**Student:** 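This is the structure I have questions about; it appears just below.
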2 protein chains.
Amino acid sequence: MPSTLKDVALRAGVSKSTVSQYLHQRYHYMSEETKKKIQLAIEELDYIPNEVARSLKQKKTFIVGVVSSTILSKFTTEVVRAIEDECQLKGIQVIVCNTDDDPLKENKYVQSMIARQVDGLIIFPTEQNRKLYQSMLKSGYPFVFIDRKIDGIDVDTVLLDNELASSLAVQSLVERGHTRIGILTFPLGQKAITTRSERLQGYRQTLQNSGIEVDEAYVKSGRLDEMQTLIGELFRLSPPPSAIVATNDMILEQVLIYAKNQSLSIPRDFSLIGIDDVSFASFYTPPITTVSQPSFEIGKRSAQLLLRQIDRKEHEPRRAAEIFRLSPALNPRESVQNANEQD
Amino acid sequence: MPSTLKDVALRAGVSKSTVSQYLHQRYHYMSEETKKKIQLAIEELDYIPNEVARSLKQKKTFIVGVVSSTILSKFTTEVVRAIEDECQLKGIQVIVCNTDDDPLKENKYVQSMIARQVDGLIIFPTEQNRKLYQSMLKSGYPFVFIDRKIDGIDVDTVLLDNELASSLAVQSLVERGHTRIGILTFPLGQKAITTRSERLQGYRQTLQNSGIEVDEAYVKSGRLDEMQTLIGELFRLSPPPSAIVATNDMILEQVLIYAKNQSLSIPRDFSLIGIDDVSFASFYTPPITTVSQPSFEIGKRSAQLLLRQIDRKEHEPRRAAEIFRLSPALNPRESVQNANEQD
DNA sequence: CGTTCTTACTAAATCGATTTAGTATAAGCG
DNA sequence: CGCTTATACTAAATCGATTTAGTAAGAACG
């Protein structure tokens with residue numbers, strides 16, 4: 001029912017080719033008369049060009065896809081926002097989907113985006129789809145990884161310097177005299193998402209460098225719904241940790257809930273530091289010390305890398321993959337106190 | 001470079017038609033032999049069907065679009081999540097874009113989504129695009145409005161009972177003896193977004209019904225970056241309000257920031273109630289009383305309405321537009337106190 | 001006047017899948 | 001055996017835009 005190029009051509013009394021030229025402002029040898037007739041027909045018919053047909057012929061959709069783990073987090077929404085801003089400059093639209101870090105969903109969405117001919121993908125990858133990514137690499141399909149690195153997939157990747165992030169967190173606690181530092185992460189497993197393993201690694205390394213032995217009892221990992229139990233276990237140790245590192249925003253909230261329920265006062269009863277920023281960090285009581293990611297920068301950079309791949313001409317050789325590790329920032333607030341002033 | 005139906009047909013030694021039948025599992029009179037050959041060819045070529053070509057022929061993309069004001073809010077992300085869940089049941093994908101409530105961006109995105117032939121749209125509309133919506137209505141294009149109502153556009157709409165929301169807020173303050181109740185909203189203007197005007201209207205109505213005269217000095221509206229100033233003005237009135245209604249999550253955060261900066265204690269110095277839920281409401285100090293929207297329900301319902309429109313057969317008459325006003329819920333927590341116990 | 005050039009357009013192939021109408025062969029039936 | 005029916009496919013048109021090669025008419029030139 002919507003009108004087509006043909007309808008416009010018919011009504012204007014010219015050929016489809018001429019209308020197409022007009023639409024692209026290729027007025028090479030086109031009479032004013034004809035231009036006017038076409039413009040009129042377009043308006044009378046409320047003509048909107050069919051981008052699907054256009055994409056088929058052009059083999060370009062001017063869309064890039066983001067395959068994210070979840071849009072329900074501040075980090076992801078900011079990253080997506082930055083990607084949109086960067087792409088908009090080139091007239092490219094962005095579509096997003098959620099995998100919930102489920103490798104099957106991830107596989108399905110990536111395939112489906114490719115089937116829909118998006119010009120490239122920005123992916124928060126899991127380890128389990130190595131085969132798929134390998135074949136995408138082989139076929140020269142443009143994509144970049146964000147937030148996580150996958151060993152053996154040699155593709156442009158933008159992520160946080162995770163070790164530095166937990167290192168900053170641990171250091172600022174050690175400087176305050178803490179030695180019993182608990183850490184909470186999401187599930188690890190052998191196929192751990194790099195964000196998680198690297199943050200834990202940074203914790204271990206920094207403690208060792210500071211001459212503090214890592215006590216595995218202070219390391220807890222599990223699903224979101226297990227967090228309250230895990231935090232409970234941590235505080236029932238003797239001695240309990242004097243400080244906690246929450247390795248992401250959702251875990252941080254869990255710790256705050258626990259503290260509230262158990263009437264624990266921060267930083268009197270324990271110091272707390274979170275990786276990832278949260279909206280309320282600065283006005284919470286107490287203001288929460290966090291290590292924040294440069295999320296806009298991460299989004300922007302990954303979009304730039306993707307657009308560079310897309311612009312690569314067919315004949316040009318694929319350039320070597322680059323890995324960008326962006327630095328986190330420590331935001332010192334008031335949830336960390338000197339160890340000896342606690343308890 | 002990706003392989004096509006034709007490549008598969010050639011390699012399997014059959015016609016394109018046969019491969020197409022195979023892909024749709026229409027095995028009507030197809031020999032096992034042929035099936036095997038086709039399957040093999042598909043695997044060898046890593047064939048993924050081109051959905052763009054498919055969409056062109058089918059005149060269906062199996063995509064619906066969401067034109068939202070911002071994805072940086074909890075309400076929107078939850079709504080989108082619910083829409084995705086509902087659409088996934090029918091194998092339909094969802095794409096989202098941000099208008100920042102800019103009517104021009106809104107117009108551009110709606111047009112662009114239609115050009116991309118999405119099967120229908122769920123829109124957070126502004127008043128300024130009435131003409132566009134009118135013509136979409138005329139052409140029978142499937143769409144629904146969400147979160148806001150536009151007078152004169154007779155289309156399925158799902159939104160909060162906004163008057164009830166602020167009524168619940170005001171009532172719970174009045175019951176505690178408050179009479180000087182301040183309210184903060186985003187800009188109103190003559191083309192106000194219904195969410196804003198209705199929430200303010202509910203405030204006015206409820207005060208009147210309670211026999212309290214509305215003092216316009218207690219009503220402040222402005223942009224996010226003006227909020228600190230506006231809140232300051234509110235508290236410098238004499239007498240200042242004993243309670244504040246923040247009409248959305250972002251404004252609520254601004255009030256909390258102000259309270260923190262001015263060392264005002266909630267609810268001792270003033271009571272506070274927010275419309276929209278925020279992640280930290282339950283564990284904040286004090287826990288914040290909120291009026292929450294059934295965001296998942298709103299998303300789900302709007303998706304159902306859209307899918308119903310899409311499924312409507314060409315010949316069936318368009319059914320009458322329906323408006324669903326979903327009820328908010330009061331979440332009594334501790335940021336509201338009896339008026340006489342304050343100060 | 002014949003040729004070339006410029007101007008202003010158009011015809012037709014193409015992108016990759018879908019689908020209808022049809023073909024060719026084998027099997028079944030009386 | 002001739003006819004119908006079932007089986008297993010295929011040819012070709014189609015979706016709506018793009019683009020290349022080409023046409024037709026008039027102007028310019030020597």
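Sequence lines set the chain letters: A, B, ... in the order given, protein chains first and strands last, and positions in each chain run from 1. Note that the coordinates shown come from a computational prediction; the quantities given were computed from them, not determined experimentally.
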**Student:** Taking only N and O in the side chain of B/Lys57, is any of them less than 4.0 Å away from OP1 or OP2 of D/dA13?
**Tutor:**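 Negative; the distance criterion is not met.
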
**Student:** I want to check one thing: is the phosphate of D/dT19, taken as OP1 and OP2, less than 4.0 Å away from some side-chain N or O of A/Gln58?
**Tutor:**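 It does, given that an N or O in the side chain of A/Gln58 lies less than 4.0 Å from OP1 or OP2 of D/dT19.
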
**Student:** Within the structure shown, what part of the strands sits under 4.0 Å from B/Tyr27 by heavy-atom distance: base, sugar-phosphate, or nothing?
**Tutor:**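 Touches nothing.
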
**Student:** Using a heavy-atom cut-off of under 4.0 Å over every strand shown, decide if A/Ser20 touches base, sugar-phosphate, or nothing.
**Tutor:**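 A/Ser20: base contact, heavy atoms under 4.0 Å.
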
**Student:** Looking for any heavy atom pair under 4.0 Å, which part of the strands does A/Val52 touch: base, sugar-phosphate only, or nothing?
**Tutor:**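 The answer is nothing, as A/Val52 stays clear of every strand by at least 4.0 Å.
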
**Student:** Does a side-chain N or O of A/Thr18 approach OP1 or OP2 of C/dT10 to a distance below 4.0 Å, or not?
**Tutor:**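 Affirmative; the distance criterion is met.
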
**Student:** OP1 or OP2 of D/dA8 less than 4.0 angstrom from a side-chain nitrogen or oxygen of B/Tyr29, does that happen here?
**Tutor:**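 The answer is no; no side-chain N or O of B/Tyr29 sits under 4.0 Å from OP1 or OP2.
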
**Student:** If we check side chain to side chain donor-acceptor pair (under 3.5 Å) with A/Glu106, which of these qualifies: A/Thr99, A/Asn98, A/Asn129?
**Tutor:**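 Going through A/Thr99, A/Asn98, A/Asn129 one by one, the side chain to side chain donor-acceptor pair (under 3.5 Å) with A/Glu106 is satisfied by A/Asn129 alone.
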
**Student:** So, is A/Arg26 close to the D/dT19 phosphate, meaning a side-chain N or O under 4.0 Å from OP1 or OP2?
**Tutor:**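 Result: yes.
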
**Student:** Are OP1 or OP2 of C/dT18 and a side-chain N or O of B/Arg54 less than 4.0 angstrom apart?
**Tutor:**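 Answer is yes, contact under 4.0 Å.
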
**Student:** For the pair B/Lys36 and B/Glu33, find out whether any cationic side-chain nitrogen is under 4.0 Å from an anionic carboxylate oxygen.
**Tutor:**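 The answer is no: the pair does not qualify as a salt bridge.
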
**Student:** From the options C/dC9, D/dG16, C/dT10, select the nucleotide whose nearest atom is closest to the side chain of A/Ser15.
**Tutor:**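 Among the listed nucleotides, the one closest to the side chain of A/Ser15 is C/dT10.
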
**Student:** Is the phosphate of C/dG16, meaning OP1 or OP2, less than 4.0 Å from a side-chain N or O of B/Thr4?
**Tutor:**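 No.
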
**Student:** Let's test your reading of the model: under 3.5 Å, does the base of C/dA11 pair with the side chain of A/Ser17 as donor and acceptor?
**Tutor:**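 Present.
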
**Student:** Please check the phosphate of D/dC9 (OP1 and OP2 only) for any side-chain N or O of B/Thr34 closer than 4.0 Å.
**Tutor:**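 B/Thr34 to D/dC9 OP1/OP2: side-chain N or O found under 4.0 Å.
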
**Student:** Hey, is the main chain of B/Asp102 close enough, under 3.5 Å, to the side chain of B/Asp100 for a donor-acceptor pair?
**Tutor:**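 Answer holds: no.
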
**Student:** So if I take every side-chain heavy atom of B/Asn50 and compare against C/dC15, D/dA17, C/dA17, which nucleotide ends up nearest?
**Tutor:**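 Taking heavy atoms from C-beta onward, the closest nucleotide is C/dA17.
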
**Student:** Can you check the B/Lys16 NZ to C/dG22 P distance for me, whole Å?
**Tutor:**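 Between P of C/dG22 and NZ of B/Lys16: 19 Å.
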
**Student:** From CE of A/Met30 over to P of C/dC9, roughly how many Å is that when rounded to an integer?
**Tutor:**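 For the pair A/Met30 CE and C/dC9 P, the rounded distance is 7 Å.
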
**Student:** Once you measure the plane-to-plane angle for A/Tyr22 and A/Tyr27, does it fall in the parallel (<30°), tilted (30-60°) or perpendicular (>60°) bin?
**Tutor:**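 If you compare the ring of A/Tyr22 with that of A/Tyr27, the planes turn out tilted.
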
**Student:** Heavy atoms from C-beta onward define the side chain here; which of D/dT18, D/dG16, C/dG16 lies closest to that of A/Ala53?
**Tutor:**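 Of the options given, the side chain of A/Ala53 lies nearest D/dG16.
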
**Student:** In plain terms, say whether A/Arg81 and A/Glu84 are close enough for a salt bridge, that is, a side-chain N and a carboxylate O under 4.0 Å apart.
**Tutor:**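 Answer for the salt bridge query: yes.
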
**Student:** Identify which nucleotide among D/dT10, C/dA17, C/dT18 has an atom closest to any side-chain atom of B/Val14, counting heavy atoms from C-beta outward.
**Tutor:**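 The nucleotide sitting nearest to the side chain is D/dT10.
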
**Student:** Hey, does B/Tyr22 reach any base, or is it just sugar-phosphate, or nothing, if we go heavy atoms under 4.0 Å?
**Tutor:**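 It contacts nothing in the nucleic acid.
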
**Student:** Which part of the nucleic acid does B/Val19 contact within heavy-atom distance under 4.0 Å: base, sugar-phosphate only, or nothing?
**Tutor:**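 No contact at all - B/Val19 keeps every heavy atom at 4.0 Å or more from the nucleic acid.
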
